[in-house]
Amino acid sequence: SAGPADMDPVVWAKVKDHPCYSEEAHLYFARMHVAVAPACNIQCHYCNRKFDCANESRPGVVSERLTPEQAAHKVLAVAAQVPQLSVLGVAGPGDAACDWRRTKATFEAVAERLPDIKLCLSSNGLALPDHIDEIVAMNVDHVTVTINTIDPEIGAEIIGWIVHNRKRYTGVEAATILRDRQLQSLDMLRDRGVLVKVNSVLIPGINDAHLIEVNRAVKARGAFLHNIMPLISDPAHGTHFGLTGQRGPTPAELKQVQDACDGGARLMRHCRQCRADAVGLLGEDRGGEFSLDSLPDEVE
Ligand code: SF4
Ligand code: SF4
């Protein structure tokens with residue numbers, strides 16, 4: 001189809017078969033995530049490291065962690081059985097850009113055998129600027145950057161520390177470096193023609209009133225889509241240390257913030273907060289069918 005009237009045809013060509021970037025595509029095209037990226041270079045207060053990155057997934061989920069070789073094997077097996085598979089993403093269980101060699105090795109191994117699959121990744125943005133050239137060279141055409149705030153005072157309430165260039169930073173200093181690297185990532189990706197989705201985790205009382213500013217700032221930097229996700233806070237998922245007792249938003253609060261952002265960056269309202277090893281159409285997770293030990297040894 002020609003796509004929505006307000007969308008550039010060049011952009012539409014890139015989004016039309018990505019289920020997260022196009023609400024229409026999510027009915028017809030499948031994505032899979034492979035959990036090849038366990039490391040993270042920041043500490044969000046709401047994260048429990050035993051589980052998947054809470055910036056993309058529902059908390060409390062432990063994905064099947066794979067080496068790049070195992071992941072490539074799994075992608076080929078899934079592609080043979082799921083004809084709608086159009087997108088391979090690396091979304092954790094930590095940060096896809098932190099231990100970049102693992103993400104890169106996975107993409108290279110898959111692209112060699114499945115040259116038409118679209119590649120995407122998600123990151124907190126801290127390490128992204130170092131890898132933009134390779135991201136572009138590998139034809140990764142969709143990147144998600146999680147940006148919960150552009151105000152370092154608020155940022156210092158959301159993260160505990162970062163490790164940047166082998167140095168550890170805390171507080172407002174850490175949040176400032178993170179913010180600057182995130183915005184730099186948006187600029188660099190836009191300049192190279194990579195489509196960017198921004199995720200923001202809505203944390204009541206911390207960044208709820210501020211997300212409209214995030215929305216405007218990411219729009220100004222060319223982000224294609226803004227995905228405002230609810231913090232899912234459940235003590236059963238472990239300690240959200242630093243944000244102890246922090247609740248998630250009600251559906252009405254989430255909608256109110258999304259509505260307030262109307263007219264800014266286009267909002268994604270169909271995100272399912274998928275697992276870092278999700279397989280299938282959005283909302284239909286077939287990951288369990290394709291665990292490593294259920295796969296055939298040889299796939300061609
Ligand atoms: Fe956890 Fe993701 Fe934050 Fe890293 S970026 S600390 S994995 S929620
Ligand atoms: Fe798409 Fe959201 Fe699932 Fe990521 S978590 S694959 S953006 S629906």
Side-chain angles (χ1 to χ4, degrees), residues 33-66 89-100 102-103 120-131 143-150 152 154-164 168-171 174-186 196-204 206-207 211 214 218 227-244 246 248-249 271-278:
H33 288 167
V34 284
V36 294
C40 191
N41 44 10
I42 73 175
Q43 177 65 65
C44 302
H45 282 315
Y46 51 70
C47 177
N48 180 329
R49 283 299 179 69
K50 282 192 258 164
F51 301 121
D52 284 7
C53 173
N55 288 338
E56 181 80 2
S57 310
R58 344 193 111 253
V61 167
V62 183
S63 288
E64 184 185 41
R65 297 182 188 195
L66 305 175
V90 174
D95 185 82
C98 175
D99 189 349
W100 172 244
R102 292 175 62 90
T103 300
C120 81
L121 63 89
S122 58
S123 170
N124 59 49
L126 181 62
L128 265 184
D130 300 336
H131 307 300
V143 171
T144 297
V145 186
T146 296
I147 304 179
N148 294 326
T149 174
I150 53 167
I154 298 174
E157 295 183 58
I158 300 176
I159 57 166
W161 49 257
I162 67 166
V163 173
H164 179 54
R168 188 183 154 100
Y169 300 86
T170 58
T176 304
I177 295 168
L178 180 62
R179 189 267 320 265
D180 291 349
R181 297 280 287 181
Q182 290 170 330
L183 297 180
Q184 186 189 357
S185 298
L186 298 191
V196 174
K197 168 162 76 66
V198 171
N199 279 357
S200 299
V201 179
L202 170 53
I203 312 168
I206 307 269
N207 68 351
L211 281 178
V214 175
V218 304
N227 177 19
I228 299 177
M229 310 156 51
L231 174 74
I232 302 174
S233 182
D234 180 341
H237 298 141
T239 40
H240 297 278
F241 49 94
L243 287 180
T244 312
Q246 175 66 49
C271 178
R272 302 301 172 91
Q273 294 179 273
C274 308
R275 307 164 55 107
D277 62 357

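Each ligand, and each atom within it, is numbered from 1 in the order the structure gives.
At least one N, O or S atom of Cys40 sits under 2.8 Å from atom 4 (Fe) of ligand 1.
The protein atom (non-hydrogen) at minimum distance from atom 5 (S) of ligand 1 is Asn55 ND2, 3.1 Å. The closest protein non-hydrogen atom to atom 3 (Fe) of ligand 1 is Cys44 SG, 2.3 Å.
Summarising the geometry of Cys98 relative to Cys40, their closest heavy-atom pair is SG-C, 3.7 Å, with the distance given to 0.1 Å. What you find for Ile150 and Val214 is that their closest heavy atoms are N-CG2, 4.0 Å. Shown here for Pro249 and Leu202, the closest heavy-atom pair between the two residues is CD-O, 3.6 Å. Between Asn207 and Asn148 the shortest heavy-atom distance is ND2-O, 3.0 Å.
Listed by atom number, the atoms of ligand 1 under 4.0 Å from Cys47 heavy atoms are 1 (Fe), 6 (S), 7 (S), 8 (S). For ligand 1, the atoms sitting less than 4.0 Å from at least one non-hydrogen atom of Cys53 are 2 (Fe), 5 (S), 7 (S), 8 (S), numbered in the order shown with element in parentheses. For ligand 1, the atoms lying closer than 4.0 Å to a non-hydrogen atom of Ile42 are 4 (Fe), 5 (S), 6 (S). Close contacts of ligand 1 with Asn124, meaning ligand atoms under 4.0 Å from a residue heavy atom, involve 5 (S).
Using a 4.5 Å cut-off on side-chain heavy atoms (C-beta onward), His45 and Ile206 make no contact.
The aromatic rings of Tyr169 and His164 lie tilted to each other, with the angle between the two planes from 30° to 60°.
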